[in-house]
> 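Submitted below is the structure of interest, expressed as structure tokens.
For clarity, every value in this text was computed on a predicted model and none was experimentally measured. Every chain is numbered from 1 and lettered A, B, ... according to where its sequence line falls, protein lines coming before strand lines.
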2 protein chains.
Amino acid sequence: MSTHRPPEPGGASLDDTDRLLLNHLSRDGRASYAEIGLLANLSATAVRRRIDRLRSRGVVRGFTVVLDPALLGWQTEAFVEVYCRERTSPEELLASLRQFPEVVAAWTVTGDPDALVHLRASDTRHLEAVIERIRKEPGVQRSRSSVVLSQLIG
Amino acid sequence: MSTHRPPEPGGASLDDTDRLLLNHLSRDGRASYAEIGLLANLSATAVRRRIDRLRSRGVVRGFTVVLDPALLGWQTEAFVEVYCRERTSPEELLASLRQFPEVVAAWTVTGDPDALVHLRASDTRHLEAVIERIRKEPGVQRSRSSVVLSQLIG
DNA sequence: ACTGAAAACTTTCTGCC
DNA sequence: GGCAGAAAGTTTTCAGT
């Protein structure tokens, strides 16, 4: 997530110091408060209080480990455009997609398809099976898939 | 990133304990080694050594903070399908897209478009401007955009 | 090769200024 | 926002299985 100079109409009101802290935490989510403080000319206590405040405001949702999908065995990746039936609500679609651990992310979108689904599978065989199962979900009418060739950014 | 039972043809060979550690770290990337050890019936020392090993093998790429894009001022999100000119290489496209801090992620894909670009902007006005600038990149022929309505999963 | 225990060190937490 | 003491976590060393 970029922390670089966005307008904040929602009243988030981060100052440059907050941005500095978040920027460093996005590079090393386990950095100590003292280490972060060195960059911002702040004591570890002050850093901690700022991060706590950002956390309670919801700006910081949490911390996580960044894993290599390929080394975990997820070597094939695809995007599936999902076209729903007339009566399918986003809630129904969510309920359908949640079943699949292969679904990394999913969004409802404007345009021809109703949703865009990001999938990870172990190989093309596995990918085919997952797409087939998604197409058979009651709320899904049809789908159109693109296989990811390479990740340019992200 | 899902850590749930994938085949690992690349020889990653994680055992169930590794998966348990990674699973917990994906929920709390700043969890203490002792805390993680309680779940896995392992000492803090053993947990740390396993995570160090996963890190040196590249399975663990690092740790990061999870931020709320909307609260940071990025309230509009879109996917742009990019159609390149005949001679545009993935490297050229990457060089073009890197310029934009609004580009959250980008992939080259099979199918009609050459690439899929995930954008975040502060509002639709900002989004329009970014899409316009991307369309003017020399390697880009045309594009087709979908605005994200809601994030179902991810 | 992997694990645990304890000592030494570092970080985080809490109360106070 | 900083400081200082207490609590908790981390890291190193040594040894067991």
> So if I take residues 26-48 of chain B and measure heavy-atom distances to DNA chain D, which residues fall below 4.0 Å?
B/S32, B/Y33, B/A34, B/T45, B/R48
> For residues 92-118 of chain B, which residue pairs qualify under ring-ring contact (aromatic ring centres under 6.0 Å, His included), counting only residues two or more places apart or in two chains?
A/F79-B/W107, A/W107-B/H118, A/H118-B/W107, B/F79-B/H118
> Where does the chain A footprint on DNA chain D start and end, counting 5' to 3' with a 4.0 Å heavy-atom cut-off?
D/dG1 to D/dT10
> Taking salt bridge (Lys or Arg N to Asp or Glu O under 4.0 Å) as the test, write out the residues that go with A/R53, two or more places apart.
none
> Quick one: which residue pairs count as a side-chain hydrogen bond (donor to acceptor under 3.5 Å, both in side chains) with a foot in residues 108-117 of chain A, not counting sequence neighbours?
A/T108-B/S150
> Remaining members of B/L39's ILVMFWY cluster at a side-chain heavy-atom cut-off under 4.5 Å?
none
> Please report the distance, rounded to the nearest Å, between CD1 in B/I51 and P in C/dT3.
12 Å
> Which side-chain hydrogen bond (donor to acceptor under 3.5 Å, both in side chains) pairs, counting each pair once, include a residue from residues 31-47 of chain B, with sequence neighbours left out?
B/H24-B/E35
> Sequence neighbours excluded and cut-off under 3.5 Å, please list the side-chain donor-acceptor pairs for residues 61-69 of chain A, or say none.
| residue | atom | partner | partner atom | Å |
| --- | --- | --- | --- | --- |
| A/R61 | NH2 | B/D68 | OD2 | 3.3 |
| A/T64 | OG1 | B/S26 | O | 2.8 |
| A/D68 | OD1 | A/A70 | N | 2.9 |
| A/D68 | OD1 | A/L71 | N | 3.1 |
| A/D68 | OD2 | B/R61 | NH2 | 3.3 |

> Remember a base hit wins even if backbone is also touched, and classify B/R49 as base, sugar-phosphate or nothing at under 4.0 Å, heavy atoms.
base
> Run the side-chain hydrogen bond (donor to acceptor under 3.5 Å, both in side chains) test against B/E91 and tell me which residues pass, sequence neighbours left out.
B/S89
> Side-chain contact, heavy-atom cut-off 4.5 Å: A/L93 with A/V140?
yes
> Linking Ile, Leu, Val, Met, Phe, Trp and Tyr by side-chain heavy atoms under 4.5 Å, what else ends up with B/L149?
none
> With sequence neighbours excluded, tell me which residues meet side-chain hydrogen bond (donor to acceptor under 3.5 Å, both in side chains) with B/R120.
B/E77
> Estimate the overall bend of the helix from C/dA1-D/dT17 to C/dC17-D/dG1 from the end axes over five pairs each, rounded to 10 degrees.
30°
